[in-house]
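Residue numbers start from 1 in every chain, and the chains themselves are labelled A, B, ... in the order their sequence lines are given, proteins ahead of strands. Keep in mind that the numbers below use all heavy atoms, side chains included, and drop hydrogens, waters and symmetry copies.
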Number of protein chains: 2
Amino acid sequence: MVKPMSDDHPPSLRVAEQDFRWADVTLRQYKDEDAAPFKTVSRQVLFSDPKLAGELRYFEVAPDGYSTLERHDHMHAVMILRGAGKVLVGDKVHDVKTHDLITIPSWTWHQFRPAPGENLGFLCLVNAERDRPQLPSSEELAALRADAKVAAFLDGTG
Amino acid sequence: MVKPMSDDHPPSLRVAEQDFRWADVTLRQYKDEDAAPFKTVSRQVLFSDPKLAGELRYFEVAPDGYSTLERHDHMHAVMILRGAGKVLVGDKVHDVKTHDLITIPSWTWHQFRPAPGENLGFLCLVNAERDRPQLPSSEELAALRADAKVAAFLDGTG
């Protein structure tokens, strides 16, 4: 028997709850490890469906946390949904606030950091089919850090 | 000469401005016509890129307005971003508020209406490649209106 298509979908309505949680959406808290290239980041996959070529995820970085510094072939289309902070895109550091749009092209280094005392939450649209992220080599990291503003951002002091 | 890939992208940062407008994003106001099956709806395309399989648009319906009642093969993945209202999905009317998620499966009738005195703004993720919407025939409209709650929604009295 063929499974009805509607079974692949979440309910028509998933309500927004307190603190940027959603009904029927699993929150995945990344584990904090000294060796891990991220800190206090959570992920909720809001839309992922066989009928959709894109996926919409909500990431949240807690105060003093940061997302992984990485790059990849696939593109990110981002809208800040909660709080404010800074975003590194390539060799530029941008101040961002709620509802700002950020475009991260292919093979561009990027990292998200909340403003002091804030949570930084953002929607991220990606292709459902995509490559795995690449981390910077020590040479690539040194090249990024050659810019004083980028170095301060990466140290969390920018 | 091959055009650099980066030329296809918007700036890395497009800031959110007042009243759910964005820098470097064109607002398209749909024309109000008596014959048109929508009323006071605007559209801003936030992300549309050759490297993205999905597109993210922001629609806003002014008080007393409504989106087109339609269906199509492609799916909609929606997040309310501004205000509150009601959404018809198939034969069900849902109350919705900011940050709620709405899934509109293939070939499912749908329409958005703001709550009295409110603007209803929402993000809508679709596949970049998609079919054209279909409008209801008079028979299909009559079938929808057979449900009193749906009829009240369609009359804007629900």
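When side chains are defined from C-beta on, A:Glu17 does not count as touching B:His99, because their heavy atoms never get closer than 4.5 Å. Inter-residue side-chain proximity for B:Met79 and A:Trp22 is flagged as met; some heavy-atom pair is nearer than 4.5 Å.
Between the CG atom in A:Leu88 and the OG atom in B:Ser12 there is a gap of 10.0 Å [rounded to 0.5 Å]. Taking CZ of B:Arg14 as the reference point, atom CG of A:Asp100 lies at 10.5 Å (rounded to 0.5 Å). Residue A:Leu13 holds its CG atom at 9.0 Å from OG1 of B:Thr103, rounded to the nearest 0.5 Å. If you take CD on B:Glu55 and CG on A:Leu125, they are separated by 10.0 Å, rounding to the nearest 0.5 Å.
Cluster annotation: B:Val96 and B:Val41 are assigned to the same hydrophobic cluster (Ile/Leu/Val/Met/Phe/Trp/Tyr, side-chain heavy-atom contacts under 4.5 Å, transitive). Side-chain heavy atoms closer than 4.5 Å link hydrophobic residues (I, L, V, M, F, W, Y) into clusters, and following such links, possibly through other members, connects A:Leu56 to A:Tyr58. No chain of hydrophobic side-chain contacts below 4.5 Å, direct or via other Ile, Leu, Val, Met, Phe, Trp or Tyr residues, connects A:Leu81 to B:Leu120. Criterion: ILVMFWY side-chain heavy atoms under 4.5 Å apart, direct or through other members. Under it, A:Phe47 and A:Val78 are not part of a common hydrophobic cluster. By the rule that hydrophobic residues join a cluster once side-chain heavy atoms approach within less than 4.5 Å of another member, B:Val126 and B:Phe122 end up as members of separate clusters.
Using a 4.5 Å cut-off between heavy atoms, A:Val87 does not touch chain B at all. Interface remark: A:Phe20 contributes side-chain atoms only to the contact with chain B (heavy atom separation under 4.5 Å). Of the atoms belonging to A:Ile80, not a single heavy atom falls under 4.5 Å from chain B. With a 4.5 Å cut-off on non-hydrogen atoms, A:Thr98 touches chain B through its backbone but not through its side chain. Residue contact with chain B, scored on non-hydrogen atoms closer than 4.5 Å, involves the side chain of A:Lys97 exclusively. Using a 4.5 Å cut-off between heavy atoms, B:Leu123 contacts chain A through its side chain alone, with no backbone atom that close. Only the side chain of B:Val89 comes within contact range of chain A, with heavy atoms under 4.5 Å apart. Using a 4.5 Å cut-off between heavy atoms, A:Asp95 contacts chain B through its backbone alone, with no side-chain atom that close.
By number of non-hydrogen pairs under 4.5 angstrom with chain B, the leading residue of A:Ala53, A:Ala128, A:Gly54 is A:Ala53. Of the listed residues (A:His74, A:Met75, A:Glu129, A:Arg130), the greatest number of heavy-atom pairs within a distance under 4.5 Å of chain B belongs to A:Met75. When the candidates B:Ala16, B:Ala23, B:Pro11 are compared by the number of heavy-atom contacts under 4.5 Å with chain A, B:Ala16 comes out ahead.
Closest of all the heavy-atom pairs between A:Asn127 and B:Lys51 is ND2-O, 3.0 Å. Taking every heavy atom of both residues into account, B:Ala77 and A:Leu52 meet most closely at CB-CD1, 3.8 Å.
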_From CA spacing to verdict: side chain to side chain contact (heavy atoms under 4.5 Å, CB included), B:Val25, A:Leu101_ = CA-CA 10 Å; B:Val25 175; A:Leu101 306 174; 4.2 Å; yes
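Residue A:Asp147 qualifies as enclosed at atom CG: its count of foreign heavy atoms under 6.0 Å is above 12.
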